[in-house]
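As structure tokens, the structure follows; a few thoughts come after it.
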Amino acid sequence: MSWPVRIGTLLFSAVFAVGFGAGGFFVGLFPLYQTLRAAWEVRSWQSVPAQVLETQLDRRRDSEGSETYAVRVRYRYQVGAQTYESQRVGLDAQGHSDNVGDWHAQWHRRLQAAQSSGQALTAWVNPREPAQALLDPHIRWPMLLFRLPFALVFTAVGLAAAWFFFRALRGSSGQATPAADAAAGLQRMGRSVRQSAGMLWFFALFWCGLSFPIAALFWMQEGPWLVKIFLLQFVLVGLGLIAWAGQQTRLAWRHAHTALALRPATPRAGEPLEVTLNLPERALRGRAPEPLVLRLAQYRVDDSGSGETRRLVEHLEQQAQPLPLPDGSARLVARFTLPDDAPAHGARRSGERVDWRLELMQAAGGVELSHDVAVQGSSTPGAQDRFAQRSDWNQERPVGPTGRSAGLSDWPAQAGTVETTDYQGLEFSQTGSRWVAAVLLLPFAVLLLLWAQEWAPRLSLPQRWTAWPLWGLGIVLALILHRATRRWRVLVHDQGLAVQRVSWLWSLQFSLPPNALDHLSTQLNYSASTRGGDMQEYHAVIAREADSAKARRITPGVAGEEGAQAVAQWLQGAWHDRAGRFTPGQGRSLQSGHSRPRWGWLLWAALMATLVLGVRGG
């Protein structure tokens, strides 16, 4: 680490370590320690009757106009023959003022009532030091929850900043490799996964340390249900982050000792590259005894904004059969030939950064493990960039000849095959629609609760049928039902092609003649950022009838242009499989086109009627 970088890191981390560390200690950790210690100590204190002598509620207003409260009291109690006086109410011996909840106001009302009626209250006395007493030995849970974010989040940020400070002070870059591995030319491939898991845990604890106490604080107090249910979304996100961090931690544990060797150690454009991957025994557990897939991939990273988005532009794949070793581990060997025009790792092309990565693929097609590869670029000057960013939404790419061999990960995971005596086809999983429906469920539940508790009881029965909240609920409910139950199928039968888009609420079907299968192309449908920040393009298959300019989209968007090409070639192959099997009079239901409602509207009407008739008027 250079001295300018080290000094900047030292200053920056020192400010965060001192600022957040002090805030976390004095506002969070130390008050929590005092509260919990006091709660533990008063468990053995004895109860005695106490007489309220005087009480008041102090109000203080700060410069921003916020009011805080503190209940003050003086009471008398007797232990044996000795009489004592005390002013302590709760576990906080100093009696600080705050505005968390209405604890101060409640105790002030209770003390006033006891003073005016002359009724005795219960005081709790330290039997070893009778001069110590208090009235409320219970923990103020809202105050504890209020302090938790400071104790957890601020302290965690301060400790992380202190860790960076000492690393910079020592000049450590964190890239040290054990001597044995360095001598053998091995690189630890699991480091990126460990770093990812660590960052995920830090962010998950940061998120949960803020959202969980705040949500619990609101749920413990009286308040609008809309706010409480809204805050539950942050709790659910926190649980998802914890699950994701746990998954990455398990992956990091499995590949803690996975090692990689490259020959040559510095790959160059246009030259062969041999990759040796040593997988430990625990990384092999649960795997089927079949070849694994290694992929050398080129990504383009757009880092011009506040974040990064990656798009996969090129990849080379090789199957590698694990070779068992005596210690229970296994070795994978794969050989690649880099493209002649391969740019260097870290270079700039078309405004984007080039990243070369070696990736171990999952059986389902996802990336299990990746490692940066320092490729040296082509020395050819002025080479044209084949992968410049071109989001041409209108450009169509004709489907290659039937039987073209697709890459091992080209087939889209969302496409499944179906076959009967009448047709062969594809059914596309609508995972995106399911997620949209799941996201809509929470606001729908909020609206439903507000309708049932706030709006509907104020209206007469005829007024409810015309109220706009009811029809708003109806629209949301219809969207949820439609998106959650939608299916998309493309069927090849003896008369041609049938495309079906069916949900509980609506059925849409259209047919195309066999010659449309000879005029298939792919077109960019949409692009979306994946969980890892990669920008994934989704392409749909387009069909045209012979001598017709009208195009029909016959599939949803599938991941990657290669995936759409593979789907189109499969459909062409399915038609060739069925060619010559035409039976007159068969498959009429597949030939006909329609767009009509389905039985789900009856369910929708029943649910709407339940919303109206099931609410009692006020």
Side-chain angles (χ1 to χ4, degrees), residues 293 317 363-365 396-433 486-503 507-526 537-595:
V293 177
E317 290 182 349
E396 296 183 22
R397 297 184 182 275
V399 175
T402 303
R404 184 193 68 136
S405 58
L408 293 170
S409 63
D410 287 346
W411 184 262
Q414 64 263 48
T417 60
V418 293
E419 184 171 4
T420 68
T421 56
D422 296 325
Y423 58 78
Q424 287 180 267
L426 299 175
E427 183 167 318
F428 295 88
S429 63
Q430 300 286 280
T431 306
S433 296
R486 191 175 67 174
R487 293 181 301 147
W488 191 315
R489 298 202 304 173
V490 183
L491 308 178
V492 179
H493 55 96
D494 295 333
Q495 292 81 25
L497 196 68
V499 180
Q500 298 176 344
R501 298 173 63 180
V502 181
S503 74
S507 175
L508 173 65
Q509 177 174 303
F510 62 88
S511 298
L512 294 171
N515 58 35
L517 288 164
D518 297 327
H519 302 83
L520 298 180
S521 58
T522 62
Q523 187 180 62
L524 180 61
N525 187 221
Y526 67 96
E537 292 184 344
Y538 293 83
H539 295 254
V541 178
I542 307 298
R544 279 187 171 85
E545 299 182 29
D547 303 325
S548 174
K550 184 178 180 181
R552 303 292 297 268
R553 183 161 67 101
I554 63 174
T555 72
V558 297
E561 183 181 354
E562 295 86 355
Q565 289 271 341
V567 165
Q569 291 175 5
W570 189 95
L571 293 173
Q572 290 175 335
W575 168 249
H576 289 296
D577 289 342
R578 298 191 64 88
R581 298 180 181 274
F582 172 70
T583 304
Q586 298 293 324
R588 290 183 178 177
S589 60
L590 295 178
Q591 266 189 306
S592 61
H594 63 259
S595 179

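One-based numbering along the sequence shown. Owing to the predicted nature of the structure, the values given are computational and were not obtained by experimental measurement.
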Quick one: list whatever passes side-chain contact (heavy atoms from CB on, under 4.5 Å) with Pro556, sequence neighbours left out.
Phe428, Gln430, Trp488
Salt bridge (charged side-chain N to carboxylate O under 4.0 Å, His left out) involving Arg487 - partner list, sequence neighbours excluded:
none
Which heavy atom of Gly563 sits nearest to which heavy atom of Pro412, and what is that distance?
O-CD, 3.7 Å
From Asp422 atom CG to Leu491 atom CG, the distance as rounded to the nearest 0.5 Å
10.0 Å
Testing the basics here: between Gln414 and Gly557, what is the closest heavy-atom pair and its distance to 0.1 Å?
NE2-O, 3.4 Å
4.5 Å side-chain heavy-atom contact, Val399 and Gln572:
yes
Interatomic distance, OG@Ser503 vs CZ@Arg486, rounded to 0.5 Å, equals 8.5 Å
Checking Arg397 now: which residues fulfil side-chain contact (heavy atoms from CB on, under 4.5 Å) with it, not counting sequence neighbours?
Gln395, Thr522, Glu561, Gln565
Answer yes or no: is there a side-chain heavy-atom contact under 4.5 Å between Ile542 and Leu520?
no
Point-to-point distance, once rounded to the nearest 0.5 Å, from CD of Gln424 to CG of Asp577
5.0 Å
Heavy-atom closest pair (Leu512 atom, Ala543 atom, distance to 0.1 Å) is CD1-CB, 3.7 Å
Rounded to the nearest 0.5 Å, how far does CG of Asn525 lie from CD of Glu537?
11.0 Å
Does the side chain of Tyr423 reach to within under 4.5 Å of the side chain of Val492, using non-hydrogen atoms?
no
When rounded to the nearest 0.5 angstrom, what distance separates NE2 in His594 from CG in Leu508?
7.0 Å
CG of Asn515 to CH2 of Trp575: how many Å apart, nearest 0.5 Å?
9.5 Å
Taking C-beta and beyond as the side chain, do Val499 and Arg552 meet within less than 4.5 Å on heavy atoms?
no
With side-chain contact (heavy atoms from CB on, under 4.5 Å) as the test, would you mind laying out the steps for His539 and Glu396 before giving the verdict?
CA-CA 10 Å; His539 295 254; Glu396 296 183 22; over 6 Å; no
Only residue of Leu571, Val567, Val541, Val418 satisfying side chain to side chain contact (heavy atoms under 4.5 Å, CB included) with Val490 is Leu571
